[in-house]
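Just so you know, residue 1 is the first one in the sequence shown, and it goes up from there.
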Amino acid sequence: MRSFAGRNILSTKGFERAEFDHVFAVADELEPIARRRRNTDLLAEKTLVTAFYQPSTRTRLAHESAMHRLGGRVVGFSDAKMTRAGDFYQESIKDTVKMLEYYGDVLVMRHFQQGAPHEAARWASIPVINAGDGWGEHPTQVLTDLYTVQRELGTIDGLTFCCIGDMRMRTMHSMAYALTQYDAEMIAIAPPEMALTDEFKAELAEQSFVIREVDHVADAIAEADVIYMEPVVQADYTASRQERGDDVGTTPENYRVTRDVLRKAKPEAIILHSLPRMDELPPDVDATRHARYWQEAYNGVVMRMALLALVLGAME
């Protein structure tokens with residue numbers, strides 16, 4: 001297994017099974033720090049730089065909280081409009097990164113352009129973590145999700161993941177890549193215009209991972225061990241920012257998980273949703289035994305603690 005020290009976290013593609021296991025083990029070791037709401041000095045001499053070219057609540061604050069929990073410092077921006085990258089000059093990723101690398105020890109980037117964090121990693125002398133790139137990937141979110149499954153259900157092998165929502169989403173791409181390392185099944189439920197592309201399915205088939213597609217959540221809910229959700233009422237992830245209009249549309253019943261639908265679910269099935277949500281997951285589901293998205297959000301801090309400690313060489 002390759003060392004994580006100094007390593008970029010850009011994709012779950014190519015992540016080996018042993019690497020997932022190792023990251024989860026480090027997260028388990030650091031989890032009591034978060035649970036006790038205490039800080040440590042593990043990264044006391046380190047600084048995290050955040051470069052968020054798109055809005056973020058959970059991902060940005062989870063990284064920042066993780067760094068604070070480990071005793072480190074945080075600098076950066078949460079709105080590119082307030083930087084030279086977002087004003088008249090439209091400073092290039094290369095030029096921006098060549099400056100940011102002098103301001104800290106690890107860079108976390110979210111960008112509306114697919115591949116932007118990979119471009120940043122080409123020029124940075126410090127590790128780069130992909131916090132979501134357009135329709136590309138979101139590796140730290142899916143590491144969080146699988147860590148949550150591992151803790152809640154005790155395994156990932158042998159499980160059926162019922163993935164509901166826009167299959168163009170970066171989380172769905174990262175999840176599919178990750179599940180190629182496990183003896184797990186993925187069922188995709190999406191509107192035709194948001195379905196998995198033939199190219200992506202062919203790429204996964206080369207690794208003997210075939211995704212089953214169905215039309216309605218009711219057709220698969222009884223098989224699901226993990227109900228993994230994203231909205232189908234979506235913003236444009238290739239735009240830096242999109243304001244909400246008056247007519248946002250509603251989610252068709254095919255892609256909604258309601259208390260009524262959950263009557264057909266396994267008693268032990270869990271629901272994960274990276275949030276924010278629209279009407280695809282009504283608030284009254286929060287009180288059911290299936291809801292794990294708040295635990296998922298908590299684990300997001302723990303997972304980022306593990307990744308930061310690993311790439312900065314504080315944990316082996």
Participant: Do Glu16 and Arg2 sit within salt-bridge range, that is, some charged N less than 4.0 Å from a carboxylate O?
Facilitator: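 Looking at Arg2 together with Glu16, the answer is no, because their closest N to O distance does not fall below 4.0 Å.
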Participant: Below 4.0 angstrom, N of the basic side chain to O of the carboxylate: do Asp286 and Arg259 qualify?
Facilitator: no
Participant: Does any part of the side chain of Arg37, heavy atoms only, come nearer than 4.5 Å to the side chain of Arg69, both counted from C-beta?
Facilitator: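 They are in side-chain contact.
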Participant: Keeping Asn254 on the side-chain end and Asp215 on the backbone end, is there a donor-acceptor pair under 3.5 Å?
Facilitator: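 Yes, because the side chain of Asn254 sits within donor-acceptor range (under 3.5 Å) of the backbone of Asp215.
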Participant: So, the side chain of Thr251 versus the backbone of Tyr255: is there a donor-acceptor pair under 3.5 Å, distance only?
Facilitator: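 No, the answer is negative, given that no donor and acceptor are paired below the 3.5 Å cut-off.
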Participant: If we count only N and O atoms by modelled type, under 3.5 Å, do the side chains of Glu280 and His273 hold a donor and an acceptor together?
Facilitator: yes
Participant: CE of Met1: more than 12 outside heavy atoms within 6.0 angstrom?
Facilitator: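 Result for CE/Met1: enclosed.
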Participant: So, does Tyr298 use its side chain to make a donor-acceptor pair with the main chain of Arg35 at under 3.5 Å?
Facilitator: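 Such a contact is found between Tyr298 side chain and Arg35 backbone.
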Participant: Are the side chains of Met109 and Thr50 in contact, using a 4.5 Å heavy-atom criterion?
Facilitator: no
Participant: Give me the atom names and distance for the closest heavy-atom approach of Ile126 to Asp105.
Facilitator: CB-O, 3.4 Å
Participant: Would you say the side-chain atoms of Asp79 and Tyr53 include a donor-acceptor pair closer than 3.5 Å?
Facilitator: no
Participant: Using side-chain heavy atoms (C-beta onward) and a distance below 4.5 Å, is Ile164 in contact with Cys162?
Facilitator: yes
Participant: What are the two closest non-hydrogen atoms of Ala44 and Arg73, and how far apart are they?
Facilitator: O-NH1, 3.0 Å
Participant: Taking atom types as modelled, is there a side-chain donor on Asn299 or Thr144 under 3.5 Å from an acceptor on the other?
Facilitator: no
Participant: Is there a path of hydrophobic side-chain contacts, each under 4.5 Å between heavy atoms, that joins Leu61 and Val74?
Facilitator: no
Participant: Look at the rings of Phe200 and Tyr177 and say which category their plane angle falls in: under 30° parallel, 30 to 60° tilted, over 60° perpendicular.
Facilitator: perpendicular
Participant: Quick one: does His173's side chain have a donor or acceptor within less than 3.5 Å of a partner on Trp135's backbone?
Facilitator: yes
Participant: Is it the case that the side chains of Ser125 and Glu101 hold a donor-acceptor pair, with the cut-off being a distance below 3.5 Å and no angle test?
Facilitator: yes
Participant: Under 3.5 Å, is there a donor-acceptor pair between the Thr155 and Gln150 side chains?
Facilitator: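 No, no side-chain donor-acceptor pair sits under 3.5 Å.
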Participant: Under a 4.0 Å N-O cut-off, is there an ion pair linking Asp133 with Arg170?
Facilitator: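 Salt bridge absent between Asp133 and Arg170.
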Participant: Going through the distances and angles, do Arg277 and Glu230 end up as a salt bridge (charged side-chain N to carboxylate O under 4.0 Å, His left out)?
Facilitator: CA-CA 7 Å; Arg277 60 179 161 183; Glu230 291 287 1; over 6 Å; no
Participant: Please check this pair: side chain of Arg7 against backbone of Pro127, looking for a donor-acceptor N/O pair closer than 3.5 Å.
Facilitator: no
Participant: Under the 3.5 angstrom rule, does the side chain of Thr12 hit a backbone N or O of Ser174 as a donor-acceptor pair?
Facilitator: yes
Participant: Do Asp28 and Arg151 sit within salt-bridge range, that is, some charged N less than 4.0 Å from a carboxylate O?
Facilitator: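 Yes, this pair counts.
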Participant: Does Leu179 reach the side chain of Phe209, with side-chain heavy atoms less than 4.5 Å apart?
Facilitator: yes
Participant: For residues Arg304 and Thr140, is any side-chain donor paired with an opposing acceptor at under 3.5 Å?
Facilitator: yes
Participant: Ignoring hydrogens and geometry, is there a side-chain-to-backbone donor-acceptor pair from Asp225 to Thr160 under 3.5 Å?
Facilitator: yes
Participant: Considering only NZ, NE, NH1 and NH2 on the basic side and carboxylate oxygens on the acidic side, decide whether Arg212 and Glu223 come within less than 4.0 Å.
Facilitator: yes
Participant: Measure from the side-chain N and O atoms of His290 to the backbone N and O of Ile227, and report whether any donor-acceptor pair falls under 3.5 Å.
Facilitator: no
Participant: Cut-off 3.5 Å, side chains only: do Ser11 and Glu137 have a donor facing an acceptor?
Facilitator: yes
Participant: Under 3.5 Å, is there a donor-acceptor pair linking the side chains of Thr250 and Asp279?
Facilitator: no
Participant: Looking only at the side chains, is there a donor atom on one of Gln141 and Ser274 sitting less than 3.5 Å from an acceptor on the other?
Facilitator: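 No donor-acceptor contact under 3.5 Å links the two side chains.
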Participant: Tell me if a side-chain donor or acceptor on Asn130 pairs with a main-chain N or O of Gly132 at a distance below 3.5 Å.
Facilitator: yes
Participant: When you look at NZ of Lys98, are more than 12 heavy atoms from neighbouring residues, nucleotides or ligands closer to it than 6.0 Å?
Facilitator: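 Buried by this count: over 12 neighbours within 6.0 Å.
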Participant: Can a donor-acceptor pair be found, under 3.5 Å and without considering hydrogens, that links the side chain of Arg292 to the backbone of Glu152?
Facilitator: no
Participant: Do you see a donor-acceptor pair shorter than 3.5 Å between the side chains of Thr59 and His138?
Facilitator: yes
Participant: Do Ile187 and Val210 share a hydrophobic cluster (ILVMFWY, side-chain heavy atoms under 4.5 Å, transitive)?
Facilitator: no
Participant: Check the pair Arg17 / Asp157 against salt bridge (charged side-chain N to carboxylate O under 4.0 Å, His left out), numbers first and verdict last.
Facilitator: CA-CA 11 Å; Arg17 173 67 176 264; Asp157 287 317; 2.5 Å; yes
